Amino acid sequence: MEGEKVGNVILKMKGIDKSFPGVHALKGVDLEIKKGEVHALMGENGAGKSTLMKVLTGIYSKDKGSILYEGREVAFTNPKEAQEAGISIVHQELNMMNHLSVAQNIFIGREMMNGKIINDGKMEEESRKLFQKLNIDIDPGEIMGNLTVGRQQMCEIAKAISRECKIIVFDEPTAALTETEIEGLFKIIRDLRKKQMGIVYISHRMDEIKKITDRVTIMRDGEYVATLITENSTKDDIIKGMVGRVIYEDPKEKSNVPTDAPVVLKVENLRAGKMVKDVSFELHKGEILGFSGLMGAGRTETARALFGADKKDGGNIYINGKKVEIKTTKDAVKAGIGYLSEDRKRYGLVVEKTVAQNSTMANLEAFSKGFFIDKGKEAKTALEYVKKLKTKTPGVDQLVVNLSGGNQQKVVIAKWLIRNCDILIFDEPTRGIDVGAKSEIYHLMSELAAQGKSIIMISSEMTEILRMSDRIIVMCEGRKTGEITIEEATQENIMYAATKRD
Amino acid sequence: MEGLKNNPIVKAIGTQRLVAFIALIVIYLAFGLLNNKFFSYATIVNIFDASYYIGFMAIGITFVIATGGIDLSIGTVLSCSALMAGYLNVSKGLPIVPTILLCVAIGALFGLMNGWMVSKMKLPPFIATLGSMMLSKGLGAIVTMSQSVTWKSSTSEEGWYRNIFRINSQSGVIVPTGFILLIASAIVMAIVLNKTRPGRYILALGSNLEATRLSGVDVDKWQTLAYVFSGLFAGIAGVSYASIYQVILPGAGSGFEMDAIAGVVIGGTSMSGGNGTIAGTMIGVFIISVLKTGLPFIGLNTAWQQVATGLVLIIAVFIDVCNRRRKG
Ligand SMILES: Nc1ncnc2c1ncn2[C@@H]1O[C@H](COP(=O)(O)OP(=O)(O)OP(=O)(O)O)[C@@H](O)[C@H]1O
Ligand SMILES: [Mg+2]
């Protein structure tokens, strides 16, 4: 808490119950928001945080319970009603119209008019003012689809703030933001708090919760656990509430890779577009090679070029000492490389299909008899991996779109594990994933490495890099700017390399 | 080439639209060079005549395609409404003004039905409009008992309506009034699409339906409106078709929708929704009507018109795809 006065209760949700077919997502959850407070909502993946907020904003209807907003009982039936009553939300998934301009996106549904004609100039001007106030440097006339994910997210935040509102919900707003963007967001949130707004803040990042929130409500498996005052509680208290146990995140002390481990992948002077400039590195058997750097350093682009997803402009790739031509993703998969995309919704999953179908997608031949898919075998294997990865789903027939973010990620991992790849590229494997699931995924990666699989792990989280990697490659502006063994690695020397511009 | 692409004028027009426009000029000149008779006022009027019904349909369906949907029914809705209204006029003595209004209204009604099926009943647009395509084709034939309908000729008492699209003055000079109407409609609808709320919401929901809904926009309403526009303009196209060609055969319109869709796509509107350009659509439509009119001049029949339109369509979209890929 930062000393500002915390006012009276503006929102009281009591005993909220909500079921989906096969899932009891909310079981009598309580939440109380006061004016002028930042209230964290925490819980593991699938705990029901997003669902609770969707009930509040009228996207889902509740089965039971009551919502008191400014002393009145309300039950919004659509997002527009909630907005008009003064409740805004920044959704976990980006909700942008990519073909429209930034300003058109911000003012969608409440365009500024000149009679019957939309006044785009005025809207751009207003957006510019808004951005200035929020310290965001984006051209309001730019087409949304041309912006990076982080900047799109900032636009979405700006859109929510620009509405007259009394309560604003941020559902994992920082997942795609850079450090400086996050700092900017926190400044914005502090301003909103000063204006006596009630703010709900959902995030899996413990340090953010400690930094910005006043109180924390913890949920576990759709149930209300407790509401704590952030100042008076420790990280461990919160985590214990979320998972019912304590998890420690210690950095790795030394590499687990024997010094004579063979090189399984060698990349020489890889070039692709503007973001990959002469990148060379080696990956050893059983190694976890961390790729660190700031957003836009070219790590994802390197991985995509290596994987054959984007066109290469030059460079050689050797697998087990043999030179290979990787022109398409099919070549890469054949060579035993699996890629877990950072944007799993867009590239990693077919969300309208079931868990089982997604799990076997990369290795369908193994599940086919002639032209026919062996559904039984598919379901059995999928179930095996659901159990192994502790994926939270009512069954392998569930559509992936109905899973929570973290559980979707586990389905992608299952897909590549089932494919049995020897080289796995994990691009931001734990983005948007709660501590409990995170530690499971870490455990899984270590286990895979111990089994002799080689892993490239791209991560923007320093703690993750230091905890998982045996060796660290640092990139900046498309070039490799550092290669550090885990024994030598510190936050400082990684940051130093990550900002080593020409 | 790079320099040209970054030219501000080229940027404002859009590469594909510019390419389409240049193609239109080139095709026109090519026909003229192959046969000098092509360069005549009469030919231009013929090109215009052929452009009206495709043009009106294409304006309407641009809205549907901008939502990411498709309307397969406009061709048969055109003939259905022209058959029904014309039948009432010729055989039942309905005066010409209500006849014309009815023709447009029938089109709009089919559009409303399509919009309802897509937005409320959640039918895939392809299926919903395939259904109403068959429906309208059948209904038109049922009303006229499978007979063709011949709208009134210029010399008859109510024949003045034909002047709406083409004035044949006594001195023999032809004034293509339809062209003015078509361009005026295009301008109005371009403003609706780009500068008004309905148009903005249609583009927005075509880009991301869920996001638009979450922004508090009544997406069902605007999605329906796109189909209403499509049907309404199919009705107007019916009037223009009857006015130019007079004779409506039952089922005459099937296939017309493909010309309209081709025009829209050649003009640079993508089938996946979220964008749409009426100006581009008009260029696309004129490419098609120049081909329709021009090929007989160089001794090729209408089958070749299909071949040529197909080729232009594929090339135009391919250029666009290449462009986008290079941009990354
Ligand atoms: N539309 C839906 N249909 C069926 N099940 C759903 C639907 N939406 C959510 N669920 C289920 O409800 C539970 C709660 O999901 P929710 O998205 O609220 O979790 P969350 O706490 O936001 O998780 P995360 O941190 O991963 O975002 C999950 O088990 C999820 O699979
Ligand atoms: Mg969530």
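Naming: A, B, ... by sequence-line order, numbering from 1 per chain. Just so it is clear, the structure is predicted and the values come from calculations on it, not from any experiment.
Atom OG in B:S215 sits 9.0 Å away from atom CZ in A:R110 (nearest 0.5 Å). Note that NE2 of A:H91 is 8.0 Å distant from CD of B:E210, once rounded to the nearest 0.5 Å. For the atom pair B:N208 CG and A:I108 CD1, the distance stands at 10.5 Å (nearest 0.5 Å). Rounded to the nearest 0.5 Å, atoms CD1 (A:I118) and CD1 (B:I191) are 12.5 Å apart. Put simply, CG on A:D120 and NZ on B:K195 are 4.0 Å apart, with the number rounded to the nearest 0.5 Å.
Interface remark: of the candidates B:G199, B:G206, B:G274, B:G274 forms the most heavy-atom pairs closer than 4.5 Å to chain A.
Scanning for side chain to side chain donor-acceptor pair (under 3.5 Å) contacts around B:T224 gives B:S119, with sequence neighbours left out.
The local environment of CZ in B:F21 is sparse, with at most 12 non-hydrogen atoms from other residues, nucleotides or ligands closer than 6.0 Å. Around atom CZ of B:F126, no more than 12 heavy atoms belonging to other residues, nucleotides or ligands sit under 6.0 Å away. Remark: A:K327 NZ is loosely packed, at most 12 non-hydrogen atoms of other residues, nucleotides or ligands lying under 6.0 Å away.
Closest non-hydrogen pair, B:R200 versus A:Q104, comes out as NH2-NE2, 3.0 Å. Smallest separation of non-hydrogen atoms from B:T212 and A:M97: OG1-SD, 3.6 Å. Listed here is the closest heavy atom pair of B:G216 and A:K80: O-CD, 3.0 Å. Closest approach of B:L214 to A:P79, counting heavy atoms only: O-CB, 3.8 Å.
When the heavy atoms of residues 156-173 of chain A are compared with those of chain B, the residues falling under 4.5 Å are A:K159, A:R163, listed by number.
Under a 3.5 Å cut-off, the side chain of B:T196 and the backbone N or O of A:K116 do not form any donor-acceptor pair. A donor-acceptor contact shorter than 3.5 Å links the side chain of B:S207 to the backbone of A:H99.
At a 4.5 Å heavy-atom cutoff, the contact between A:E111 and chain B is made by backbone and side-chain atoms alike. Residue contact with chain B, scored on non-hydrogen atoms closer than 4.5 Å, involves the side chain of A:M113 exclusively. Neither the backbone nor the side chain of B:L209 comes within less than 4.5 Å of any heavy atom in chain A. Contact of B:D218 with chain A is not made at all, since no heavy-atom distance falls under 4.5 Å.
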